[in-house]
Amino acid sequence: MTRSSVAAIAVLLVSAASAFAATPQQQCDYKRISASRKFESCVASVLAKHAKGVDFDEFAALAKCRHTYFRNWNLFQSSTALTGSSCIGSRFVDNGDLTVTDNLTTLVWEKKTGTPDNMQSGDPHDPDNGYTWGGNGVEFGGSFAFLYQLNGAFFAGADGWRLPTLSELQTILLDFACSGSGNGPRCVCPSSPCIDPALDPTTTPATPYWSNTRELPVQFFARTWEVDFLQGTVFAGQQGGGENARAVRGGL
């Protein structure tokens, strides 16, 4: 083989590699999915220990899962390979239609409107509305009456509104490092309600919100995991309770 032939082959190989090189957005998506799966695995490990009956500090364990996950966003900002992708810039973006997009999780969150005043209304965005998990006796995927309202009205130009999983619901909590015991001086949410400013603390009661993740093992009185935005704690509550709910759609 001549030198010219070798050179020609090398050029072709370089061209082929360039043609299949991942774009900044593709690399962004890869990194987001990888980080999300690690976070979900971390949360699943905590829930598995709980299901096994292990006595441990769930608050601290889940806070560490979240903090590790949230740090990925800062790492993305320093990556030149991600320049021009949705992994660079503001993590939360207000869409101007009562929704907020999280560029780490790709979830689109419903915003609430009005000041919490303990008065419920027929407006699905009223922050005071409380719901029995499952709503109207329909208990598949957290089908509350207000979700039917949102999807029926094609809220924000979309359907597919649902309750978040426990992992997803925790991603709108404020970030804080955790060492020591949960709610201790080195593992405590810096403010209450413990929610990212993008979701507007003034319209968020410092109360528990439903996820669609059921506690295992399922007992006679079924329980579902909740996130309390008072301090960011996580616990399993009976499905008959009238808790708050926030809709979400999309995700990785």
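Atom set for the values below is all heavy atoms of this structure, side chains included, hydrogens, waters and symmetry mates excluded.
One finds a salt bridge joining Arg91 and Asp102 here, because a Lys/Arg side-chain nitrogen approaches an Asp/Glu carboxylate oxygen to under 4.0 Å. Taking a cutoff of 4.0 Å between a charged side-chain nitrogen and a carboxylate oxygen, Lys112 and Glu110 qualify as a salt bridge. A salt bridge links Glu168 with Arg162: the distance from a Lys NZ or Arg NE/NH1/NH2 to an Asp or Glu carboxylate oxygen falls below 4.0 Å. Using a 4.0 Å cut-off between charged nitrogen and carboxylate oxygen, Asp159 and Arg249 do not count as a salt-bridge pair.
Once rounded to the nearest 0.5 Å, the distance linking CG of Leu62 with SG of Cys42 reads 7.5 Å. The CG atom of Asn244 sits 9.5 Å away from the CZ atom of Phe229 when rounded to the nearest 0.5 Å. Here the straight-line distance linking atom OG of Ser86 with atom CZ of Phe76 works out to 10.0 Å at 0.5 Å rounding. Remark: Asn72 CG to Ser79 OG distance equals 11.5 Å, nearest 0.5 Å.
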Worksheet entry | Intermediate values then yes/no, side-chain hydrogen bond (donor to acceptor under 3.5 Å, both in side chains), Asp126 and Ser121 | CA-CA 7 Å; Asp126 187 330; Ser121 73; 2.8 Å; yes
Practice prompt. In sequence, state the C-alpha distance, the side-chain angles, and the governing distance for Glu215 and Thr224, and then conclude on side-chain hydrogen bond (donor to acceptor under 3.5 Å, both in side chains).
Written response: CA-CA 5 Å; Glu215 181 191 40; Thr224 298; over 6 Å; no
Fill in: Test log, rule side-chain contact (heavy atoms from CB on, under 4.5 Å), inputs Tyr69 and Thr105
CA-CA 10 Å; Tyr69 181 43; Thr105 65; 3.4 Å; yes
Worksheet item: Stepwise, does the side-chain hydrogen bond (donor to acceptor under 3.5 Å, both in side chains) test hold for Gln238 with Arg223?
Response: CA-CA 4 Å; Gln238 289 191 6; Arg223 304 200 305 174; over 6 Å; no
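Partner of Trp109 under the side-chain contact (heavy atoms from CB on, under 4.5 Å) criterion, chosen from Thr171, Thr99, Asp196: Thr171. Applying side-chain contact (heavy atoms from CB on, under 4.5 Å) to Phe59 and the options Val46, Val188, Thr233 leaves one that passes, Thr233.
Both cation-pi conditions hold for Lys49 and Phe56: the charged atom is under 6.0 angstrom from the six-membered ring centre and inside a 45 degree cone around its axis.
Asn129 places no side-chain N or O within 3.5 Å of a backbone atom of Gly122 that could act as its donor or acceptor partner.
No donor-acceptor contact under 3.5 angstrom links the side chains of Asp57 and Ser181, judged on distance only.
Annotation: His125 is in aromatic contact with Phe155 [ring centroid separation under 6.0 Å]. The distance between the ring centers of Phe235 and Trp225 does not fall below 6.0 angstrom.
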